[in-house]
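Written below as C-alpha cells is the structure these notes are about.
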Amino acid sequence: MAQEEKNSIFAIKIVPHLDAAYNLARGLARNEQDAEDIVQDAFIRAYSYLDSFSGKDGKTWLLAIVRNTFYSWRERKQVRQKVEVSDRTLDDLFISDSSRTPEAVFESKDTQEEVHKALNSLPVEFRETLILWEIESMSYKEIASITGVPMGTVMSRLARGREMLRTLLNNRWKGNV
Amino acid sequence: MSKMQSQDIHALLHPYFDGELAYSDSILFEEHLENCPDCSLALAEQQELRMLMEGPGLRYPAPAKLRHNIYSSYARNQQSSRILIHWNWKIYGIAASIAIALLGFWIVLAPGSPSAESSEAREIVSGHLRSLMATHLFDVASTDQHTVKPWFTGRVDFSPVVKDLSDRGFQLLGGRLDYIAGRPAAALVYQYRKHTINVFEWNTGVVNPQGEEKSTMKGFNLVAEWIGPIKVWIVSDLNTEELDILANALR
Ligand SMILES: [Zn+2]
C-alpha cells in the first residue's frame with residue numbers, strides 16, 4: 001500500500017473511532033493512564049498492520065486491536081505482579097479483600113458511580129462484552145468478531161454479566177447483603 | 001426452531017431484549033411472554049438496568065492530550081508523505097540510475113544474513129514510527145549536544161555520537177533511551193526542514209568492517225553506518241541523499 005493511500009485510509013476509517021477505542025481501553029484497564037497508553041499503542045499497531053485491514057468496518061477492526069493490546073499489556077503486567085484483580089471471580093473480590101466490606105465497594109452515593117464500580121468489578125470477559133454492547137452499541141456479530149468467541153457465547157456473557165450487575169446493585173440498594 | 005422447551009425459550013430473553021432475534025424466534029418469544037409473568041418481570045428489570053447504564057458516567061471521551069497525539073501524528077505522516085510523493089516525482093529520473101547503482105552496491109556489500117538485516121531495519125522503522133505516533137519522542141529535550149550527550153551516561157554502555165549540525169540544516173531536538181532488538185540504544189532526534197529524523201545508535205562491541213547500508217521500508221528511508229563499534233541507523237521520510245549528508249556529518 002502506498003503511504004499516501006495508507007494515511008488516508010487511516011484518517012477516514014480508523015482515527016474517527018478514537019473515542020470508542022478509549023472507552024473500551026478505559027473499561028478494560030479501569031485506569032486513565034493505562035487506557036491512554038493502551039490506545040496509543042493500539043493506534044501504532046493499527047497503523048503498522050493497516051495492510052491487513054479489509055477496508056470494511058474500521059470500528060470493529062480497531063476495537064479488536066485495542067482489546068488485543070490490552071490483553072498483551074495485562075500479560076506483561078501479570079508477569080510483574082503475579083496477581084491480577086480482574087482474574088479473580090466476583091466472589092473472590094468480596095471475600096478475599098478483607099479490608100473492603102461489600103458496602104465499602106459501593107461507598108459512593110452517586111448512582112452512576114455505583115453502576116460504574118459494579119461494572120468494574122465484573123470479570124473481564126463480562127465487562128468487555130457489556131461495554132461493547134451497552135456503550136459502544138456493537139452487534140452480537142461484531143462483538144463475536146472482536147472478542148473471538150461464537151455469537152452464542154456473546155449472548156450468554158451478556159445475560160450472565162447483566163445478572164451479576166443486577167445482583168451487585170440490588171444487594172447495595174436493597175441492603176440485603 | 002419449532003417446539004421449544006421453556007428452558008430454551010428463556011435463553012431468548014436477552015437476544016429478544018437486544019433486538020438480536022430472527023423474526024420467527026421473536027414471534028415465538030412474544031407468544032411465550034404473554035403467558036409468562038417471570039419473563040415480563042425480567043424484561044422490566046433489564047430495562048431498568050439499561051437505563052442505569054445509559055448515563056454519561058460510563059462513557060469517557062478520549063482525553064484532549066491523547067486526541068492531540070493521535071491527530072498530530074497522523075497529520076505529520078500526511079504532510080511528510082505529500083512531500084515524499086513530490087520528491088519521488090522530482091527525482092524519478094535520477095532515482096532509476098541510482099537504483100541500478102545501488103543494486104551493484106548491495107551485491108558487493110550485502111551482508112551474510114539478509115534476514116537479520118531486514119529485521120533490524122524493521123525494528124528501526126517501527127522505533128521511528130513509535131516515536132512519531134507517541135508522546136515519547138524525547139527523554140531529554142534540548143538543542144544543545146552538551147546537554148543531550150551526558151544524559152546517556154550510565155544509561156547506555158558507550159558514548160553516543162551527538163553533534164551540533166545546525167549550520168548544515170540538521171537541528172538537534174533531543175534524545176531518548178530506546179530499545180532495538182532488545183538492546184538499549186541511544187535515539188537522537190534531529191529535524192531537517194520540518195522532517196523528523198531518528199538516529200539510533202548502539203554498541204555492537206566489535207569493530208565491523210561493513211560499509212554503509214541503505215534501505216527503504218514503509219515509505220521511510222534508512223541509512224546505516226558504523227562508527228567504530230557503534231552501529232548507527234538513520235531513519236526518516238527524507239530521501240537517502242539527505243540522510244547521507246547527515247551520515248557523513250556524524251562520522
Ligand atoms: Zn418465561
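Excluded from the calculations below are hydrogen atoms, water molecules and symmetry mates; all remaining heavy atoms, backbone and side chain alike, are included. By convention in this document, chain letters (A, B, ...) are assigned in the order of the sequence lines, proteins followed by strands, and residues within each chain are numbered from 1.
Contacts of B/Glu45 with chain A are made by both backbone and side-chain atoms, with heavy-atom separations under 4.5 Å. A/Ile131 does not touch chain B: none of its heavy atoms, backbone or side chain, sits under 4.5 Å away. When heavy atoms are compared at a cutoff of 4.5 Å, A/Ser156 does not approach chain B at all. Only the side chain of B/Leu49 comes within less than 4.5 Å of a heavy atom of chain A; its backbone N, CA, C and O stay farther away.
Here A/Tyr140 and B/His14 keep their ring centres 6.0 angstrom or further from each other.
Counting heavy atoms from C-beta outward, B/Glu54 and A/Val115 have side chains that stay 4.5 Å or more apart. Between B/Leu43 and B/Phe17, the closest side-chain pair of non-hydrogen atoms falls below 4.5 Å.
Annotation: maximal heavy-atom pairing with chain B below 4.5 Å, among A/Glu32, A/Glu136, A/Lys6, A/Glu36, occurs at A/Glu36.
Between A/Glu163 and A/Arg166, at least one side-chain nitrogen of the basic residue sits less than 4.0 Å from a carboxylate oxygen of the acidic one, meeting the salt-bridge criterion.
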- prompt: Checking side-chain contact (heavy atoms from CB on, under 4.5 Å) for the pair A/Leu122/A/Leu168: CA distance, chi angles, key distance, verdict?
  reply: CA-CA 10 Å; A/Leu122 296 188; A/Leu168 287 169; 4.0 Å; yes
